[in-house]
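Each chain gets a letter, A, B and so on, in the order the sequences are listed, and its residues count up from 1.
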Amino acid sequence: MTLNTFIFYFFSALAVISALLMITRRNVVHSAIFLITALLATAGIFLQLRAEFLFAVQIILYVGGIMVLFLFVIMLVNLDVAVRQAAFNRQAWLAILMAGAMMGTVALAVWLGRASVHLPPVKAGALEPNTELVGEALFQNFMLPFEIASVLLLVAMIGAVVMSKKRI
Amino acid sequence: MIDLLIRFFAPHLVPLIIVLVVVLVLPLLAGYVVLLERKVMADIQARLGPMRVGPHGLLQPIADAVKLLLKEDIIPENADRFLFWIAPLISVTAAMVAFAGLTFAPGKYEFFGHLNTVAVADLNIGILFIVAVSSMGIFGIVLGGWASNSHYSLLGALRSSAQMVSYETAAGMALISGLLLAGSLSTRAIVEKQAAEGVWYVFFAPLAFFIYMVASIAETNRAPFDLPEAESELVAGYMTEFSGFRWALYFLAEYCNMIVVAGIATTVFLGGWLRPFEGTREADFLDLAPTVIFLGFAGYCLWRVPRQFEKIHKIVLSIFAGLCFVIAAALALPVTVQPAWKPVLHGVFWFLAKVVAYLYAFMWFRFTFPRYRFDQLMRLGWQWMIPVSIVHVMMLGLALVLQRPPQQGGLGWAWWQGMLVSTGGTLLVAAWLGALGERRTQRIAESGV
Amino acid sequence: MSDWGTIGSGAGVETTVLGADEILINMGPQHPSTHGVLRVKLKLDGEKIVSSECIIGYLHRGVEKIAEYRTYQQFAPYVDRMDYVAAVSNGLGYCEAVEKLLGAEAPPRAKVVRTILTELQRIASHLLWLGTHALDIGALTPLFYCFREREEILKIFEKYCGARLTTHAFRIGGLQYETYDGFEQDVTRFCKDFGGKVDEYEQLLTGNRIWLERTKGIGVLTAEQAIAIGATGPVLRGSGVKWDIRKAMPYAAYAQFEFDIPVGKRGDTFDRYMVRMEEMRQSRRICMQAVEQIPAGPILGKVGKVLKPAPGEVYHSIEAPKGELGYYVVSDGTVQPYRVRIRPPSFINLQAFDQMARGHLVADVVAIIGTLDIVLGEVDR
Amino acid sequence: MVPTEHYLALSFVLFTIGVIGVLTRRNVIIILMSIELILNAVNINLVAFSRHLGDVGGQVFAIFIITDAAAEAAVGLGIIIAFFRNRSTILADEMDLLKW
């Protein structure tokens, strides 16, 4: 029971609990807060997996960028009435049932086929200088996807701006 | 059981101690930075500043802290209690956790069987970690404004977070220029690279330092950009509804952010713990500078002691004088006896000296510049600061390529030639952007708003 | 000439129903930067001001009605309470108006001393304007510099007539008190280093990019609009109209001294700022000249204790720091005036607020109120 | 060393919670947030396998997923704002008109 495994179980428990709380809260801002805690917990797990660069990117991009965007929109779309309305739609129970069934079949399939998967033994400490390695990979063998991603972001920016302008 | 605990915590004991030191010293340091700011403000405005609490107002921060603790803590009616309680906490934790990445002094020291640097943690993603954690501070502000359930606090909160988000990009780009030179993210490695180079990066990329300073002022909501709480109808922006200790937390968060931002600037641009002219032997007399400064403080305090009116002021002032003497002695010891401790003490002194100098520039701007209007502030951020900082990164890349030795495809230029190219190119683009902006405002003025 | 009709009518908030997303917000009457109890109703489209309306009257004390039940001497202290920032020039205007009504004339010594005190009061009023105007726009330091100089002037007033703010320095027919010995030295000492001080303020503000961006092109008032509204003083001169009562209809001892009238070009906040700064320098120049030429002689004309002017009316106006301050005094032969109508420059300059504020952002309202330099005591009377 | 199966289990649970969130909630913003959660669960998987196989490709792909999530969130919120301005509602089951 080293510190390392303790961290993993702590963060995964935190992530699951806050994810559950996120989808059950009536107040939208509270669920946004719990999503932020879930994302921070996953960032902790990335750290535990020795992926520091991803830890930083997750916090800067996901939590510092996207969630701020979410909070801005929640505050602009300041609907107090939403809090009093029913949070779950009519087919809530049916949806949970269906989701449970789907997840059950996937879990069953993985459980049955676990013998056939031959995962090579874990190579310890293979990704030590994490940031340098990620940087090299990103700019050497993943050059094309990197450019496509930047074009994607550009398109998304323009789309978001055009859509939320009052008078185009 | 005990040795299990010790074995379990052994590798992390020194960082824990440093965390304790940082978390305890920070509020005190922030308090005295507030006093320094009020004294400098008074000096610039031809008046005296706080003189009543303690000699020359030296006990003012303690008085402020006690007052804020005892003040009534009002929660606005049907405000969101959970958010109202957690928002200041997010702000303060974000500001304090950001200290983990900073390195205060050189070298590694062996304690409890583990090598530790003089920093909370020797992260190899130092600067990235600090930027990431301090960008969490935005949530404290946004949620604070939302939770206080008043239209104007929400408006103030949205404005200050929009400002922080947009100036973070410019600050990030300016930092990238610094990191391009250093080639590593870890704060310790950056300063060691500057020591090896013998030249601080502020001389390599002065424009990046300038952009970073302006962006960091805007990011901490201060000086000419402290618009959200200064707007006529926004009164105190997101902080309006907070009172007592909660407000003190926001206040502490703002000053910790200032110290963090100053720490980053010192590490990346002003050569962290390096003494000016670290390499050259002739400038070794500078080693005595810390002791001389503190002896000066102590002398001045002693000289003022007889002039104090109340007896208690005399006692407090002499205690301060004694404190300065002790520090002066501590700093003088290594210069003469040269134990292993010298780098740590002197390193921390020079680091704090540069941080205080940087904060002095913050205060100086605050009292001499009027305030930007919000749209001018955003226009400056997006249409001038960010493009110029991106162009500077490109120009610096070009300069670094030119500085490479000929066999690696460069022209083997010296560092200052590279600096001239990068600064000159960026200034050209900046001037062109400025002229573009000027012409645009002209057109708007003519066509009538 | 643009259509005169529309210029005046814009003041009221259109009674039409608010546009889809326009909101109506209230600034004042208790507000950090409305220079007193002024309430401004702003109709906003997002951040831009669609139209605005100034609600005044919170400081109305019915000064003009009181005048009908006071003798001419008894009403003099009330006049100081109107524009409490420039009490001395209020007193000068009233005393000269009544002297005109009586047909009496203040002795030359009194005239010169009156001119010196009025010019010092103009500097003090402009200093207070500069301090608060810069503070509203965010520059914290000029306020303390301005108040340091203003303190010197108030000390001179206190030595001369015992009061700093509402001085009641003059009497109908001349002066009450002889100038204290050392008056000339104090004034010369103040004037000597004041020139450098004005340059110090300019150093802080005029070259400052942020100050230029916050004031250039803000609150533009063209010359025609200014004339149509009847704006006077620095607001009128800022729009390029060269009109100053001290030159046009010289009173007191202004004819003896030469000074020039600063005039702006575009009529925006920056031009009015430059006009007022230049006016401070000119006032200093007048004081320097006047202090050397104080003639000897009596300080009070032959006016007698009981003032019973012949029935008739008179209108006399002077150049107060805010603009043309006029007194229309009607006497019915008794000791009490039948009617004293006061033309308050701030009240009339305030009418320009709606035109100036249209299209600007809410943050500029603060700058526009500052540049109009209004004092609510004078607006509400 | 935590075995990789635990990470898979964790991401599986988070994925399920995300799907349930998408299907049951009425407020479109919560649905968007649940999609963010699903993308996040996928990221955990990727990084776990990247550490397991010692190949940095997994982490790089996780970064691409984060950029994609950012783009998707920006456009999604843009749609919500546009929709809210016209219909002043953000409840999924009230968006039942194909053309208004």
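The OG1 atom of D:Thr67 sits 11.5 Å away from atom CD1 of A:Ile148, with the distance rounded to the nearest 0.5 Å. To the nearest 0.5 angstrom, A:Leu152 atom CG is 11.0 Å from D:Phe64 atom CZ. Taken to the nearest 0.5 Å, the CG atom of D:Leu37 stands 7.5 Å off from the CG atom of A:Leu39. Here the NE2-CD1 distance, from D:His6 to A:Ile45, works out to 13.0 Å after rounding to the nearest 0.5 Å. Summarising the geometry, atom CD1 belonging to A:Ile66 is positioned 10.5 Å from atom CG belonging to D:Leu32; distances are rounded to the nearest 0.5 Å. The structure places CZ of A:Phe46 at 5.5 Å from CG of D:Asn40, a figure rounded to the nearest 0.5 Å.
Although no hydrogens or angles enter the test, the distance criterion places no donor-acceptor pair under 3.5 Å between the side chain of D:Arg51 and the main chain of A:Arg50.
Contact record, A:Ala160 with D:Ala74: CB-O, 3.8 Å, taken as the closest heavy-atom pair. The shortest heavy-atom contact between A:Ala137 and D:Val56 is CB-CG1, 3.4 Å. Contact detail for D:Arg25 and A:Met22: the closest heavy-atom pair is NH1-O, 4.0 Å. A:Ala19 and D:Leu14 make their closest contact through CB-CD2, 3.8 Å (heavy atoms, listed as atom of the first residue, atom of the second, distance). The two residues D:Phe15 and A:Met103 make their nearest non-hydrogen contact at CE2-CE, 3.7 Å. The shortest heavy-atom contact between A:Ala107 and D:Phe12 is CB-CZ, 4.0 Å.
Chain D forms the most heavy-atom pairs under 4.5 Å with one residue out of A:Gly65, A:Ala38, A:Ala95, and that residue is A:Ala95. Comparing D:Ile81, D:Ile20, D:Ile17 by heavy-atom pairs within less than 4.5 Å of chain A, the highest count is held by D:Ile17. Among the candidates D:Ala69, D:Ser11, D:Pro3, the residue making the largest number of heavy-atom pairs closer than 4.5 Å to chain A is D:Ala69. Here D:Ile63 is the residue among D:Val22, D:Val13, D:Ile63, D:Ile31 with the most heavy-atom pairs under 4.5 Å with chain A. The candidate from D:Val47, D:Asp68, D:Ile80 with the greatest count of non-hydrogen atom pairs under 4.5 Å with chain A is D:Val47.
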- Derivation of the side-chain contact (heavy atoms from CB on, under 4.5 Å) call for A:Met98 and D:Leu23: CA-CA 10 Å; A:Met98 294 302 295; D:Leu23 296 177; 5.6 Å; no
- Message: Checking A:Met163 against D:Val75 for the side-chain contact (heavy atoms from CB on, under 4.5 Å) test, could you report, in this order, the C-alpha distance in whole Å, the side-chain angles of both residues, the deciding distance, and whether it holds?
- Response: CA-CA 8 Å; A:Met163 236 172 299; D:Val75 172; 4.1 Å; yes
- Message: Determine whether A:Val28 and D:Met33 satisfy the following criterion, side-chain contact (heavy atoms from CB on, under 4.5 Å), listing intermediate values before the conclusion.
- Response: CA-CA 10 Å; A:Val28 185; D:Met33 280 201 233; 4.2 Å; yes
- Task: Starting from the C-alpha separation in whole Å, work towards a yes-or-no answer on side-chain contact (heavy atoms from CB on, under 4.5 Å) for A:Trp93 and D:Thr24.
- Result: CA-CA 8 Å; A:Trp93 292 111; D:Thr24 52; over 6 Å; no
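Neither the backbone nor the side chain of A:Leu154 has a heavy atom closer than 4.5 Å to any heavy atom of chain D. Of the two parts of A:Gln58, the backbone and the side chain both hold a non-hydrogen atom closer than 4.5 Å to a non-hydrogen atom of chain D. When heavy atoms are compared at a cutoff of 4.5 Å, D:Glu72 does not approach chain A at all. Contacts of A:Phe53 with chain D are made by side-chain atoms alone, with heavy-atom separations under 4.5 Å and no backbone atom involved. Within the 4.5 angstrom heavy-atom criterion, only side-chain atoms of A:Leu35, from C-beta onward, approach chain D. The parts of A:Leu69 that come within reach of chain D are both its backbone and its side chain, each placing non-hydrogen atoms under 4.5 angstrom from that chain. When heavy atoms are compared at a cutoff of 4.5 Å, A:Ala51 approaches chain D by way of both its backbone and its side chain.
Remark: A:Phe11 CZ is packed, more than 12 non-hydrogen atoms of other residues, nucleotides or ligands lying under 6.0 Å away.
When side chains are defined from C-beta on, A:Tyr62 counts as touching D:Asn43, because their heavy atoms get closer than 4.5 Å.
Aromatic ring pairs are classed by plane angle as parallel below 30°, tilted from 30° to 60° and perpendicular above 60°; the pair D:Tyr7 and A:Phe8 is perpendicular.
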